[in-house]
Amino acid sequence: MERDRFGLAEVLALAEDAAPVRSLDVVADNLRERFGARYVSFLFVDVVGRRLLRVHEERASSQERGADQVSLPGSVYDEVLRTQKLVQVTEGAQGYGVFAPVTNRGDAIGVLELHFAHVTQDVLEQIEEAAHALAYIIVTDRRFTDLYHWGNRTTTVSLAAEIQRQLLPSAPSCDAAEFTLASALVPASDIAGDTYDYSLDGDTLHLSITDAMGHDVGASLIATLLINASRGARRAGVDLAEQARQTHQAMIDHGRRTFATGQLLRIALDGSGAQLVNERRPPLAATAARRHPRGDRTARQPPLRRPRTKRLPGTRPRPASWRPPRVVHRRHAGTPGRSSRPAGPPP
């Protein structure tokens, strides 16, 4: 078979038979023996996105070994990750350096680096396939070991940032037929309160951006409540207005009189429309808690406005079966008795 010439089945079998912390070793050994590489190494992109950390290098002499940390901007590694394409560099009498992107659906995990005395086009194609297989191996094995977390840290991560990073999707990027999504938090080593989330189902891309009040461990704990309430509602299959209502209710019930702002967004994959809840008003949950320090919190919950729905420019009209969500009102925080008008019909 055509795929067999790349040796992917052998690479995957070797990695599966090895312990999760040994996967990189066995893949490097396989590539060295198959292609006659002088040495093989793998470099992770760090959490800040400015440096690469070399976490594995097999059999290289001290003269051959590269630096443990490599600056990313302007380097050959930067070119590889930006273009998502293999790069070959001539190294004079020493031969050639080959740098292949290790990516999974657009998620740039790192770079596979090999050095040869001689290299052919057929070998380059096989290296590209091996790097792609390595991405799947890493995505699978990083569930079982901290090795890959060590590999992308070149700076100390605060406790708040450690909590925050566990709330984020496991991949900051997603490349699909209908869209390309990329996301990041800056500064990655000292974040607290800010989150993003996304999920994909059969016909919709779900997105959220939220910001819990503060910039410390307390903010990260509130962000934990916020993101899990939002995910729980989304995974229960409710509409966008109900997802926002349940997230808001969680803040009222458990938010310790603090607040958060954010946006919830759903985009139809066929381009027919999008729905948005944008909550950037003053502290809804906190205001309600101060105004009614005792009693039934559910009864004093400010209702939410129906999400607006808009057809994207240049896209097809909605199908005849499409129906808008139910219309509800939202009471502005800090303004007793004042309600917003129902959102008008979608354009």
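Just so it is clear, the model here is predicted, and its values are computed rather than measured.
Relative orientation of the His115 and Phe99 rings is perpendicular, given thresholds of 30° and 60° on the angle between their planes.
Arg143 contributes a side-chain N or O that, together with a main-chain N or O of Thr140, makes up a donor-acceptor pair within less than 3.5 Å. With Thr120 contributing its side chain and Val123 its backbone, the two residues share a donor-acceptor pair below 3.5 Å. In this structure, the side chain of Asp141 does not engage the main chain of Thr145 through any donor-acceptor pair within 3.5 Å. Judged by distance alone, the side chain of Ser75 and the main-chain N or O of Leu72 form a donor-acceptor pair under 3.5 Å. Using modelled atom types, no side-chain atom of Asn30 and backbone atom of Val26 make a donor-acceptor pair closer than 3.5 Å.
Here the side chains of Tyr77 and Ser71 are not in contact, with every heavy-atom distance at 4.5 Å or above. Using a 4.5 Å heavy-atom cutoff, the side chains of Lys85 and Pro101 are not in contact. Between Leu52 and Asp46, the closest side-chain pair of non-hydrogen atoms is not below 4.5 Å. Side-chain contact check for Gln84 versus Thr103: some heavy-atom pair is nearer than 4.5 Å. Ile137 places a side-chain heavy atom less than 4.5 Å from the side chain of Val11. The closest side-chain heavy-atom distance from Ser230 to Gln243 is below 4.5 Å. Side-chain contact between Glu79 and Val87 is present, with heavy atoms from C-beta onward closer than 4.5 Å.
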Before you tell me yes or no, could you show the steps for Asp25 and Arg22 under salt bridge (charged side-chain N to carboxylate O under 4.0 Å, His left out), namely the whole-Å CA-CA distance, both residues' side-chain angles and the distance that decides it to 0.1 Å? CA-CA 5 Å; Asp25 296 334; Arg22 285 280 301 162; 2.5 Å; yes
Exercise. Start with the C-alpha gap between Ser208 and Asp197, add the side-chain angles, then the distance that decides, and say whether side chain to side chain donor-acceptor pair (under 3.5 Å) holds.
Key: CA-CA 5 Å; Ser208 73; Asp197 195 23; 4.6 Å; no
*Derivation of the salt bridge (charged side-chain N to carboxylate O under 4.0 Å, His left out) call for Asp78 and Arg82*: CA-CA 6 Å; Asp78 190 17; Arg82 282 190 298 102; 3.6 Å; yes
Tell me, with the steps shown, if Arg245 and His248 meet side chain to side chain contact (heavy atoms under 4.5 Å, CB included). CA-CA 5 Å; Arg245 190 201 68 78; His248 178 73; 5.6 Å; no
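Judged by distance alone, the side chains of Arg54 and Ser41 do bring a donor and an acceptor atom under 3.5 Å apart. Checking Gln126 against Arg34 by side-chain atom types alone, a donor-acceptor pair falls below 3.5 Å. Side-chain contact, Asp211 with Thr261: no donor N or O sits under 3.5 Å from an acceptor N or O. Gln164 and Ser220 form a side-chain donor-acceptor contact under 3.5 Å, judged by distance and modelled atom types alone.
The nearest pair of heavy atoms linking Val111 to Val80 is CG2-CG1, 4.3 Å.
Just one residue in the list Asp203, Asp201, Leu207 forms a side-chain contact (heavy atoms from CB on, under 4.5 Å) with Leu205, and that residue is Leu207.
The environment of Gln94 atom CD is sparse: at most 12 non-hydrogen atoms of other residues, nucleotides or ligands sit within 6.0 angstrom. Around the CD atom of Glu16, the shell of radius 6.0 Å holds no more than 12 heavy atoms that belong to other residues, nucleotides or ligands.
Residue Leu86 is grouped with residue Phe42 when hydrophobic side chains (ILVMFWY) are merged at heavy-atom distances under 4.5 angstrom, including chains of intermediate members. One hydrophobic cluster holds both Val27 and Phe116 under the rule that ILVMFWY side chains link at heavy-atom gaps under 4.5 Å. No continuous path of hydrophobic side-chain contacts links Val277 to Ile209 [ILVMFWY only; heavy atoms under 4.5 Å].
Atom OG of Ser199 and atom CZ of Arg266 lie 10.0 Å apart (nearest 0.5 Å). We find the CG-OH distance between Leu168 and Tyr198 to be 10.0 Å, quoted to the nearest 0.5 Å. Atom-to-atom distance recorded for Leu31:CG and Ile127:CD1 is 7.0 Å, nearest 0.5 angstrom. Remark: Leu124 CG to Tyr96 OH distance equals 10.5 Å, nearest 0.5 Å. For the atom pair Ile222 CD1 and Arg257 CZ, the distance stands at 13.0 Å (nearest 0.5 Å). Atom CD of Glu279 sits about 10.0 Å away from atom CG of Leu264, to the nearest 0.5 Å.
For the side-chain contact (heavy atoms from CB on, under 4.5 Å) test, residues two or more places apart in sequence or in another chain that qualify with Val139 are Asn104, Ile109, Arg142.
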